[in-house]
Amino acid sequence: MHRALIVLVLALAQFIVPQASRLVGFGTPIGNVGGSFPPGPEQPSGYTFGIWGLIFTLTLVFAMRQLLPSHRDAALYQNIRTAVVVLLAASSAWMLAAQFYGNGLVLAALIWLMFLSAARGLLRTLAMRPTLDGFDRIITLPMFALYAGWLAAAAWLNTGSVIKLYSPASTAVAPPLYAAILLIAIAALSLALLRRASGYLPLGLTTLWALGGVAHANIMLRPNTLIAALTFVLGLIVVGYLVWQRRPAATSEF
């Protein structure tokens with residue numbers, strides 16, 4: 001009971017913690033974190049961050065369901081609850097650190113912890129997919145997929161900004177080259193997770209959402225043809241992998 005209640009409290013906290021600096025009257029609003037550097041070509045358009053609203057909503061719906069007496073002891077929830085607690089606790093900690101600590105190693109460490117927890121929850125839920133009911137297929141699985149897919153990109157972007165902060169030599173690298181390295185790292189991590197997840201579609205679509213935001217920024221906001229083209233190619237690779245995963249199984253007459 002207590003762990004299920006903790007999940008609900010942490011899910012609710014995600015709607016409140018982003019306002020902490022405004023509520024106490026000091027600190028840096030989350031939207032301004034990372035403002036120490038001009039937006040690099042790797043940064044997606046602002047609209048893409050709206051995905052957090054959907055993620056937080058799915059998390060809250062999941063948290064309320066797993067607290068119900070009829071579902072509290074379900075095998076799935078017992079199996080993923082630790083991953084959910086770590087994920088949500090790290091999420092709130094990241095948002096607090098962003099507002100009162102600023103950019104740095106703490107943020108990078110927390111966001112990688114979030115990604116690993118989300119990936120663990122996703123893979124554990126997928127492993128139990130044949131036993132899932134309708135709710136877990138349309139809420140729990142997509143919740144983890146959106147978290148993990150978006151964090152695969154956010155973790156590398158956060159890491160890239162920390163490297164800029166602590167390594168002056170990194171600023172000598174041409175911004176397009178630096179962006180290309182980060183985008184390739186994002187695609188590689190996303191494809192590795194997508195492979196482990198057997199091409200789970202919402203996970204792939206989340207990766208495409210992130211890459212699409214980068215492409216939009218480099219076409220409409222900060223024109224950079226090379227990065228836009230690279231992002232398009234990486235998106236095509238993700239689409240190709242999703243299609244390949246859905247190919248009909250080969251049959252043999254022998």
Side-chain angles (χ1 to χ4, degrees), residues 1-17 51-95 109-155 189-210 238 241-242 244-249:
M1 168 68 176
H2 69 283
R3 285 202 302 162
L5 184 59
I6 289 173
V7 170
L8 179 60
V9 171
L10 290 173
L12 288 168
Q14 292 190 112
F15 291 91
I16 301 170
V17 171
I51 195 173
W52 282 116
L54 177 57
I55 291 172
F56 289 170
T57 300
L58 289 174
T59 304
L60 182 58
V61 174
F62 163 81
M64 291 188 292
R65 208 251 189 156
Q66 58 91 46
L67 188 61
L68 295 175
S70 57
H71 294 89
R72 193 179 304 149
D73 297 323
L76 171 65
Y77 299 154
Q78 293 286 348
N79 197 28
I80 64 175
R81 195 164 280 141
T82 297
V84 174
V85 168
V86 174
L87 170 61
L88 300 187
S91 174
S92 289
W94 188 95
M95 290 186 282
L110 285 170
I111 204 164
W112 278 108
L113 178 60
M114 290 167 64
F115 167 73
L116 292 173
S117 300
R120 181 184 183 189
L122 173 64
L123 296 177
R124 286 194 167 196
T125 305
L126 282 170
M128 301 180 68
R129 193 172 185 177
T131 67
L132 300 185
D133 61 16
F135 177 94
D136 291 318
R137 289 176 181 270
I138 64 173
I139 299 294
T140 307
L141 266 176
M143 174 192 75
F144 279 126
L146 266 63
Y147 250 125
W150 182 255
L151 287 169
L189 179 61
S190 299
L191 286 168
L193 180 59
L194 198 56
R195 180 176 180 275
R196 291 286 306 277
S198 300
Y200 182 56
L201 184 60
L203 178 62
L205 293 178
T206 306
T207 299
L208 293 173
W209 174 261
V238 173
Y241 184 78
L242 289 171
W244 181 77
Q245 277 286 338
R246 279 154 184 76
R247 71 195 189 286

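For the single chain, residues carry numbers from 1 onward in sequence order. These numbers come from a predicted model, not from an experiment.
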S.K.: Look up atom CD1 in Ile80 and atom CG in Leu122, then write down how far apart they are to the nearest 0.5 Å.
M.R.: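 That separation rounds to 10.0 Å.
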S.K.: Between atom CZ of Phe56 and atom CG of Leu54, what is the distance when rounded to the nearest 0.5 Å?
M.R.: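 Going from the CZ atom of Phe56 to the CG atom of Leu54 covers 11.0 Å.
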S.K.: Please table the atom pairs, donor to acceptor, closer than 3.5 Å between any side-chain atom in residues 190-208 and protein atoms at least two apart or in another chain.
M.R.:
{"from": "Ser190", "atom 1": "OG", "to": "Ile186", "atom 2": "O", "distance (Å)": "2.8"}
{"from": "Thr206", "atom 1": "OG1", "to": "Pro202", "atom 2": "O", "distance (Å)": "2.7"}
{"from": "Thr207", "atom 1": "OG1", "to": "Leu203", "atom 2": "O", "distance (Å)": "3.3"}

S.K.: Between CD1 of Ile138 and CE of Met143, what distance do you get to the nearest 0.5 Å?
M.R.: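 These two atoms lie 13.0 Å from each other.
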S.K.: Side chains of Ile111 and Leu151, heavy atoms from C-beta outward: is any pair under 4.5 Å?
M.R.: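 Ile111 reaches Leu151 side chain to side chain.
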S.K.: List the steps, then state whether side-chain contact (heavy atoms from CB on, under 4.5 Å) holds for Leu76 with Thr131.
M.R.: CA-CA 9 Å; Leu76 171 65; Thr131 67; over 6 Å; no
S.K.: If you take all heavy atoms of Gln66 and Leu8, which pair is closest and at what distance?
M.R.: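 So the minimum-distance heavy-atom pair works out to NE2-N, 4.2 Å.
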S.K.: Rounded to the nearest 0.5 Å, how far does OG1 of Thr140 lie from CG of Leu126?
M.R.: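 Answer rounded to 0.5 Å: 11.5 Å.
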S.K.: Kindly write out the residues that satisfy salt bridge (Lys or Arg N to Asp or Glu O under 4.0 Å) with Arg65, not counting sequence neighbours, or none if the list is empty.
M.R.: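 Partners of Arg65 by the salt bridge (Lys or Arg N to Asp or Glu O under 4.0 Å) criterion, ordered by chain and then number, come out as Asp133, Asp136.
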S.K.: Just verifying a value: how many Å separate Met128 CE and Leu141 CG, rounded to the nearest 0.5 Å?
M.R.: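 So the CE of Met128 and the CG of Leu141 are separated by 11.0 Å.
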S.K.: Just distance, no hydrogens or angles: give the donor-acceptor pairs under 3.5 Å from side chains in residues 82-91, sequence neighbours left out.
M.R.:
{"from": "Thr82", "atom 1": "OG1", "to": "Arg3", "atom 2": "NH1", "distance (Å)": "2.9"}
{"from": "Ser91", "atom 1": "OG", "to": "Gln14", "atom 2": "OE1", "distance (Å)": "3.0"}

S.K.: Once you measure the plane-to-plane angle for Tyr77 and His71, does it fall in the parallel (<30°), tilted (30-60°) or perpendicular (>60°) bin?
M.R.: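 If you compare the ring of Tyr77 with that of His71, the planes turn out tilted.
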S.K.: Are the side chains of Phe62 and Leu58 in contact, using a 4.5 Å heavy-atom criterion?
M.R.: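 Of all side-chain heavy-atom pairs linking Phe62 with Leu58, none is under 4.5 Å.
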S.K.: Verify, without hydrogens or angle tests, whether Arg247 (side chain) and Trp244 (backbone) share a donor-acceptor contact under 3.5 angstrom.
M.R.: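 Side chain of Arg247 to backbone of Trp244, a donor-acceptor pair under 3.5 Å: yes, one is there.
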S.K.: Sorted by first residue and then second, give each side-chain hydrogen bond (donor to acceptor under 3.5 Å, both in side chains) pair with at least one member in residues 111-126; sequence neighbours left out.
M.R.: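 As it turns out, the side-chain hydrogen bond (donor to acceptor under 3.5 Å, both in side chains) pairs with a partner in residues 111-126, which skip direct neighbours, are Asn79-Arg124, Trp112-Thr159.
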S.K.: Is there a side-chain contact between Trp52 and Tyr147 (heavy atoms, below 4.5 Å)?
M.R.: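 SC-SC contact between Trp52 and Tyr147 confirmed.
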S.K.: side-chain hydrogen bond (donor to acceptor under 3.5 Å, both in side chains) with Trp209: which residues, sequence neighbours excluded?
M.R.: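 Applying side-chain hydrogen bond (donor to acceptor under 3.5 Å, both in side chains) to Trp209 gives none.
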S.K.: Which distance, rounded to the nearest 0.5 Å, do you find between the CZ of Arg72 and the CG of Leu5?
M.R.: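 It comes to 9.0 Å.
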S.K.: Among residues at least two apart in sequence or on other chains, which ones pass side-chain hydrogen bond (donor to acceptor under 3.5 Å, both in side chains) with Thr59?
M.R.: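 In terms of side-chain hydrogen bond (donor to acceptor under 3.5 Å, both in side chains), with neighbours along the sequence ignored, Thr59 is linked to no residue.
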